[in-house]
Amino acid sequence: MDKRKHTNMDVKKKNRNDVFRYICRNGMVSNPDISYALKISLPTATQITKELIERGLVEETGEMESTGGRRAKALAVSESAGKAVGLDITKNHISLVLTELTGRILNYERTVLPYAAKESYYLQVNQKMEQFLEDCKCGGAGILGIGISFPGIMDLEKELVADSHVLAVNHLPFSAINRFFPYPCHFINDANAGAYAEGIASENRNRFFYLSLSNTVGGAVFSNGMLEQGRNFRCGEVGHMTVVPDGNACYCGKYGCLDAYCSAKCLTGGRVEDFFERLKQGEQEAVSLWERYTSYLAIAVNNIHMVLDCDIVLGGYVGSCMGEFVQDIRIKVSERNTFEEDGSFIRPCRHKTGAAALGAAFKVMELFMEQI
């Protein structure tokens with residue numbers, strides 16, 4: 001294939017990809033809308049949407065409102081275009097989410113299921129997933145794949161879970177897991193999945209650091225629509241950076257890790273929502289715990305910001321529930337900040353429920369869209 005022909009094919013694929021993404025983001029649109037927004041000719045937009053209709057990805061849904069002339073045909077993503085499943089595996093639970101290509105969440109479910117590195121565990125997970133899809137009235141033929149969020153280092157080159165301290169597994173091949181599921185599986189670290197959910201559908205493509213504050217602490221760097229992985233796929237693993245030399249014991253076996261001071265378990269052994277309700281009511285024990293917690297968290301957030309010079313998004317159970325209490329962290333960070341910033345670069349996450357499962361589903365959707 002000559003270079004010119006290859007270049008023309010690349011341009012056509014990019015235009016087709018851009019058009020489909022535009023329709024996914026904006027719901028019901030017309031060819032003139034697409035032409036104007038993407039700065040391509042109307043005949044080009046019309047030809048591309050025709051191809052997408054023929055492939056069953058887009059469908060005509062009537063007519064747009066009149067703007068004075070002939071009404072344009074209304075176009076939307078076809079309901080049969082495909083759906084993605086997100087599965088988040090944690091030490092004690094699994095979360096399942098089903099999404100359309102538009103990003104709309106069709107269903108979400110969180111179930112108690114303690115992790116076990118056994119066939120019976122994965123068979124049970126698959127059984128629960130199939131029941132979940134049946135409850136959604138979703139046939140298997142429409143499933144594009146499963147995004148699996150896993151708490152550990154995902155070696156995407158060797159295709160294995162390199163290390164998961166919290167689940168006590170290492171060098172676990174992806175193939176040893178995906179053989180239990182009837183759909184293509186795509187693996188992603190849990191904090192990376194949360195960052196992906198936060199960033200991939202956002203119009204703001206500025207770099208940010210996602211700090212996941214759940215029963216374990218993790219992190220991820222999201223930049224220009226992509227996750228930064230690092231040489232050993234450990235980029236963002238701030239849960240195991242030292243904040244107190246020779247401090248509290250961490251589950252990883254070391255001492256003084258951020259995880260030992262800022263996991264959700266440092267605030268409560270129950271529901272994080274209940275803790276913040278007590279904090280709102282001014283309960284003294286909750287106030288004292290929050291004071292201690294935010295003091296250590298401020299150290300970590302300030303250090304991350306000093307190194308990366310970008311926004312910090314607080315996610316996980318704590319980030320999802322903190323609401324107005326984010327201001328307490330902003331104040332403490334600004335007191336430590338050398339450059340007199342007000343802490344406005346710190347913000348709670350947008351996705352409050354099942355962010356890791358959602359990000360895993362988004363990864364499936366993104367891989368599908370890249371092939372259009």
Side-chain angles (χ1 to χ4, degrees), residues 1-84 86 97-107 136-139 141-145 147 196-208 222-226 350-351 358-359 361-372:
M1 184 184 296
D2 63 68
K3 185 175 180 180
R4 184 175 178 181
K5 187 174 181 180
H6 183 73
T7 301
N8 287 340
M9 287 179 65
D10 288 344
V11 171
K12 287 180 179 179
K13 182 176 180 180
K14 182 182 183 305
N15 285 341
R16 186 167 59 246
N17 197 283
D18 288 346
V19 168
F20 187 65
R21 288 175 185 274
Y22 178 81
I23 298 171
C24 286
R25 284 196 309 270
N26 293 279
M28 194 165 63
V29 299
S30 68
N31 283 318
D33 292 334
I34 296 168
S35 173
Y36 179 80
L38 301 182
K39 297 179 174 57
I40 58 177
S41 70
L42 182 57
T44 297
T46 303
Q47 178 58 38
I48 290 173
T49 55
K50 181 182 176 183
E51 292 175 13
L52 294 174
I53 290 170
E54 290 172 351
R55 291 174 61 177
L57 298 174
V58 171
E59 59 188 10
E60 294 181 359
T61 58
E63 296 180 334
M64 304 293 285
E65 291 185 8
S66 175
T67 57
R70 183 179 176 182
R71 291 187 176 185
K73 292 179 180 178
L75 304 168
V77 177
S78 173
E79 289 188 6
S80 61
K83 297 175 178 63
V97 66
L98 181 68
T99 68
E100 292 180 326
L101 287 171
T102 59
R104 185 167 76 94
I105 297 174
L106 298 174
N107 199 13
C136 298
K137 297 181 172 55
C138 181
I143 301 300
L144 301 172
Y196 208 75
E198 191 72 22
I200 196 65
S202 174
E203 294 295 326
N204 183 355
R205 290 302 173 116
N206 291 336
R207 191 176 192 229
F208 67 86
F222 191 88
S223 180
N224 296 317
M226 297 179 64
R350 291 186 300 118
H351 294 288
L358 183 61
F362 281 179
K363 186 64 179 177
V364 174
M365 291 160 49
E366 184 67 14
L367 290 169
F368 175 76
M369 288 188 185
E370 287 174 357
Q371 303 306 312
I372 291 174

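If you're wondering where the values come from, they're calculated on a predicted model, not measured in any experiment. What you see below is based on every heavy atom in this structure, not just the backbone, and it leaves out hydrogens, waters and symmetry mates.
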Tabulate below the donor-acceptor pairs under 3.5 Å that side-chain atoms of residues 362-372 make, not counting sequence neighbours, or state none.
unit_1	atom_1	unit_2	atom_2	d
E366	OE1	R21	NH1	3.0
E366	OE2	R21	NH1	3.3
E366	OE2	R21	NH2	2.9

Sequence neighbours left out, what passes side-chain contact (heavy atoms from CB on, under 4.5 Å) with L106? Give chain and number order. K83, L98, E100, R104
Applying side chain to side chain contact (heavy atoms under 4.5 Å, CB included) to R207 and N224, what does each step give before you reach the verdict? CA-CA 7 Å; R207 191 176 192 229; N224 296 317; over 6 Å; no
Closest non-hydrogen atom pair between [X] and [Y], with its separation:
X   : Y    : answer
V97 : A361 : CG1-CB, 4.1 Å
L57 : A81  : O-CB, 3.9 Å
S30 : M64  : CB-CG, 3.7 Å
I40 : T44  : CD1-CG2, 4.3 Å
Y22 : A37  : CE1-CB, 3.4 Å
A76 : T61  : CB-CG2, 3.9 Å

Working to the nearest 0.5 angstrom, can you tell me the gap between [X] [atom1] and [Y] [atom2]?
X    : Y    : atom1 : atom2 : answer
T102 : E79  : OG1   : CD    : 10.0 Å
R25  : L101 : CZ    : CG    : 13.5 Å
N17  : K12  : CG    : NZ    : 16.0 Å
I23  : D18  : CD1   : CG    : 11.0 Å

Could you walk me through whether E59 and L75 pass the side chain to side chain contact (heavy atoms under 4.5 Å, CB included) check? CA-CA 6 Å; E59 59 188 10; L75 304 168; over 6 Å; no
Verify side chain to side chain contact (heavy atoms under 4.5 Å, CB included) between V58 and S78, making sure each step is shown before the conclusion. CA-CA 5 Å; V58 171; S78 173; 5.8 Å; no
Check for a donor-acceptor pair, side chain of S35 on one end and backbone N or O of N31 on the other, with a separation under 3.5 Å. no
Could you tell me whether the side chain of R350 and the main chain of E198 form a donor-acceptor pair under 3.5 Å?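 Pair found, side chain donor or acceptor close to backbone of E198.
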Under the rule for side chain to side chain donor-acceptor pair (under 3.5 Å), what residues qualify as partners of N15, not counting sequence neighbours? none
Between [X] and [Y], is any pair of side-chain heavy atoms under 4.5 Å apart?
X   : Y   : value
I48 : F20 : no
K14 : M9  : no
V29 : N26 : yes

Ion pair E63/K73, N-O distance below 4.0 Å: no
Taking atom types as modelled, is there a side-chain donor on T7 or D10 under 3.5 Å from an acceptor on the other? no
